[in-house]
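Here is the naming used below: chain letters follow the sequence lines, and residue numbers restart at 1 for every chain.
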Amino acid sequence: MPDYSFFDNVYDVARQIPAGRVTSYGAIAHYLGTKGSSRMVGYAMQASGAAHPPVPAHRVVNRQGLLTAKAHFGGDTMQRLLEAEGIKVKDDQVQDFKTVFWDPSIELAL
DNA sequence: AGAGTGACTGCAT
DNA sequence: AATGCAGCCACTC
């Protein structure tokens, strides 16, 4: 009786993001087929805090590699989590973003 | 049932 | 090149 929702789909992809890598909302949206709705992905992430198992939302950043979700995590929690996985973050921005970028539409397409 | 909100992105100026 | 505006879909009140 699973009341599946678009959110569940987003969570599933987010949980597949390997440690030390990050992706963008648009990339996930595109993989889900709703590339025009990148907002929905971020919106789903907001509810990810209530998702089980927990979703590594800290690995999801905006198109610029900016930690837009940091404010929602509270303090520097997001940046701390990323650095703990080997991702370098400076001024709320992911360093070597294109290097650590993980595109589900490509990685999961294999 | 209708209107509002939102952790974004792309195009236009 | 940089800034501003509009679009988009699902969820909640």
Side-chain angles (χ1 to χ4, degrees):
Chain A
M1 56 39 65
D3 291 326
Y4 281 138
S5 304
F6 182 83
F7 284 38
D8 295 298
N9 211 9
V10 175
Y11 303 152
D12 187 47
V13 177
R15 281 187 291 238
Q16 294 178 72
I17 302 172
R21 292 286 186 277
V22 295
T23 189
S24 67
Y25 303 95
I28 296 175
H30 180 76
Y31 176 72
L32 296 177
T34 58
K35 71 172 185 146
S37 325
S38 47
R39 288 178 144 183
M40 309 300 79
V41 178
Y43 199 68
M45 283 296 160
Q46 184 193 39
S48 68
H52 293 279
V55 178
H58 59 275
R59 293 179 188 155
V60 184
V61 297
N62 73 349
R63 189 68 173 121
Q64 302 174 33
L66 190 67
L67 307 188
T68 55
K70 180 184 176 187
H72 292 259
F73 273 80
D76 58 338
T77 302
M78 185 175 183
Q79 180 174 330
R80 189 166 52 197
L81 289 170
L82 290 172
E83 291 182 328
E85 298 190 346
I87 298 175
K88 298 178 180 64
V89 180
K90 183 174 183 172
D91 192 25
D92 299 341
Q93 183 179 300
V94 177
Q95 303 301 289
D96 301 314
F97 177 60
K98 65 178 183 180
T99 302
V100 298
F101 182 70
W102 181 84
D103 189 340
S105 64
I106 296 176
E107 302 299 325
L108 297 182
L110 299 177

Between [N] atom [atom2] and [X] atom [atom1], what is the distance in whole Å?
| X | N | atom1 | atom2 | result |
| --- | --- | --- | --- | --- |
| A:Phe6 | C:dA10 | CZ | P | 7 Å |
| A:Tyr43 | B:dT9 | OH | C1' | 18 Å |
| A:Leu32 | B:dC8 | CG | P | 16 Å |
| A:Leu66 | B:dT9 | CG | P | 10 Å |
| A:Phe7 | C:dC11 | CZ | C1' | 5 Å |

Can you tell if the side chain of [X] reaches within under 4.5 Å of the side chain of [Y], non-hydrogen atoms only?
| X | Y | answer |
| --- | --- | --- |
| A:Thr23 | A:Arg59 | no |
| A:Phe6 | A:Leu32 | yes |
| A:Trp102 | A:Leu108 | yes |
| A:His58 | A:Glu85 | yes |

Checking C:dG7, B:dA7, C:dC11 against the side chain of A:Arg39 (C-beta onward), the nearest is C:dG7
The residue among A:Glu83, A:Gln79, A:Gln95 that forms side chain to side chain contact (heavy atoms under 4.5 Å, CB included) with A:Lys90 is A:Gln95
Would you name the heavy atoms of A:Tyr25 and A:Thr68 that are closest together and state the gap between them?
-> OH-OG1, 3.4 Å
What nucleic acid atoms does [X] come within less than 4.0 Å of, heavy atoms only: base, sugar-phosphate, or nothing?
| X | result |
| --- | --- |
| A:Ala57 | base |
| A:Ser37 | sugar-phosphate |
| A:Phe73 | base |
| A:Thr68 | sugar-phosphate |

Grouping ILVMFWY residues whenever side-chain heavy atoms fall under 4.5 Å, the cluster of A:Val94 otherwise contains A:Val22, A:Val61, A:Leu67, A:Phe73, A:Met78, A:Leu81, A:Leu82, A:Ile87, A:Val89, A:Phe97, A:Val100, A:Phe101
Could you go over nucleotides 10-13 of chain B and give all protein N or O partners under 3.5 Å, atom names and distances?
none

Which pairs, protein N/O on one side and nucleotides 2-4 of chain C N/O on the other, fall under 3.5 Å?
none

